[in-house]
Amino acid sequence: IGFSNIRKKDLEIILDEIVEHPEMMKITKDSEGNEFAELSRSFASNIGITVRGNYQDDDSFEMEYYYPYLLGTRISTNEQIEVEKHAEKESYAGICDDMKLGVTLIFYLQNAADFLNEKSHGRKNFNSLTATLSALSLEGKILLPIKKSEKQIADTKKNSQNRNHLIAAAREGDEDAIENLTLEDIDTYSMISRRIVNEDILSIVDTYFMPYGIESDQYAILGEILTTSLIKNSRTEEDIYVLTINCNDLIFDLCINKKDLMGEPAPGRRFKGNIWMQGHINFEEF
């Protein structure tokens, strides 16, 4: 988010400033009944740092941890969402099975204080809520798009919708759907095996979304860029790209330091890189 050369003492100064003069503050009770606080400050539009911790009896603030964030600008998924607490600290992960991806989507929950507040008011059902996703990346490259005719684009969209229906039916135990999906995977494998002899894999695979490393909320992605903008970190003056990505029909915003991105992003081109997926649940009044 534009702090590529920050040293520990400079970071401590910034964190102290956020605690002393937060732009946004949320206070609630955590899972153990302590006073839990979320203090945030932005350093560019929708980009900043959040500090989390507890207020003590003497009103002093004890920081537990901090994290950088990018706030997304659009609803990314309407699928059923579950929230699980991380074991080592008062932070949470959002989990949903999005048909479009073929894998369980796990993201770092940005609005943990809102979640705890809703829970303390007796809310138990979070299934009907939507989530707005965003991602941070430390490395990425820009790839050229795959040339497609309008018919190929329409066929791809239709095939994707059919596959989503099959996955939904397979989850309900439909044996025909399971068989069709297996045959489809075999056909895809044989097509790739045939074409890979003479073509580059990235000219065959248009987009992918795969778990990356040992952290559950990190992914390796390849997706189409829908929009791009270049903004500055108000503290360091470093340039940051904010890209809207369509990856396997999952649309989300992503930010990456300009220094860490190889190539020139533009709508229609593709972004390939590793990301940390974040998101906030859009709570409704109930």
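Predicted model only: the values in this text are computed from it and were never measured.
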_Taking side chain to side chain donor-acceptor pair (under 3.5 Å) as the definition, give me every residue that meets it alongside T132, ordered by chain and number, with sequence neighbours left out._
N282

*Using side chain to side chain donor-acceptor pair (under 3.5 Å) as the criterion, list what pairs up with E38, not counting sequence neighbours.*
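With sequence neighbours excluded, E38 shows a side chain to side chain donor-acceptor pair (under 3.5 Å) to R52, given in chain and number order.
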
For the student: nearest non-hydrogen atoms of [X] and [Y], plus distance:
X: L136; Y: P68; result: CD1-O, 3.6 Å
X: S193; Y: V197; result: O-CG2, 3.7 Å
X: S134; Y: G72; result: CB-N, 3.8 Å
X: A37; Y: I27; result: CB-CG1, 4.1 Å
X: G2; Y: T236; result: O-OG1, 2.5 Å
X: G268; Y: P145; result: O-CB, 3.1 Å

Would a 4.5 Å heavy-atom cut-off, applied to side chains only, mark [X] and [Y] as touching?
X: N54; Y: E35; result: no
X: C255; Y: V242; result: yes
X: L133; Y: M277; result: yes
X: V83; Y: I281; result: yes
X: F107; Y: L109; result: yes
X: I256; Y: I240; result: no
X: I231; Y: I47; result: yes
X: M210; Y: I221; result: no

Could you state whether [X] and [Y] fall into the same hydrophobic cluster, counting links through intermediate Ile, Leu, Val, Met, Phe, Trp or Tyr residues with side-chain heavy atoms under 4.5 angstrom apart?
X: Y67; Y: I6; result: yes
X: L70; Y: L138; result: no
X: Y65; Y: W276; result: yes
X: L71; Y: I75; result: no

Could you tell me whether a side-chain N or O of [X] sits under 3.5 Å from a main-chain N or O of [Y], the two making a donor and an acceptor?
X: R270; Y: D206; value: yes
X: D217; Y: I106; value: no
X: T28; Y: F36; value: no
X: E79; Y: I95; value: no
X: D253; Y: I245; value: no
X: R269; Y: L143; value: no

Does [X] have more than 12 heavy atoms from other residues, nucleotides or ligands lying within 6.0 Å of its [atom1]?
X: K89; atom1: NZ; result: yes
X: F61; atom1: CZ; result: yes
X: Y212; atom1: OH; result: no
X: E84; atom1: CD; result: no

Quick one: list whatever passes salt bridge (charged side-chain N to carboxylate O under 4.0 Å, His left out) with [X], sequence neighbours left out.
X: K141; result: none
X: E62; result: none
X: D114; result: K26

*Assess whether side chain to side chain donor-acceptor pair (under 3.5 Å) is satisfied between S42 and E23, documenting all intermediate values.*
CA-CA 7 Å; S42 60; E23 288 180 357; 2.8 Å; yes

*With the threshold set at 4.0 Å, does a side-chain nitrogen-carboxylate oxygen contact exist between E17 and R235?*
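Salt bridge between E17 and R235, a charged N being under 4.0 Å from a carboxylate O: yes.
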
*So, are K258 and E238 salt-bridged, with charged N and O less than 4.0 Å apart?*
no

_Check: Y108 ring centre within less than 6.0 Å of Y92 ring centre_ =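 Not close enough - the centres of the two rings lie 6.0 Å or further apart.
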
*N246 side, atom CG; E224 side, atom CD - distance, nearest 0.5 Å*: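 Those atoms lie 6.0 Å apart.
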
*Residue pairs fulfilling ring pair (Phe, Tyr, Trp, His ring centres under 6.0 Å) with at least one residue in residues 213-267, sequence neighbours excluded*: F209-Y219

*When you check the side-chain N and O atoms of Q80 and D97, is any donor under 3.5 Å from an acceptor?*
no

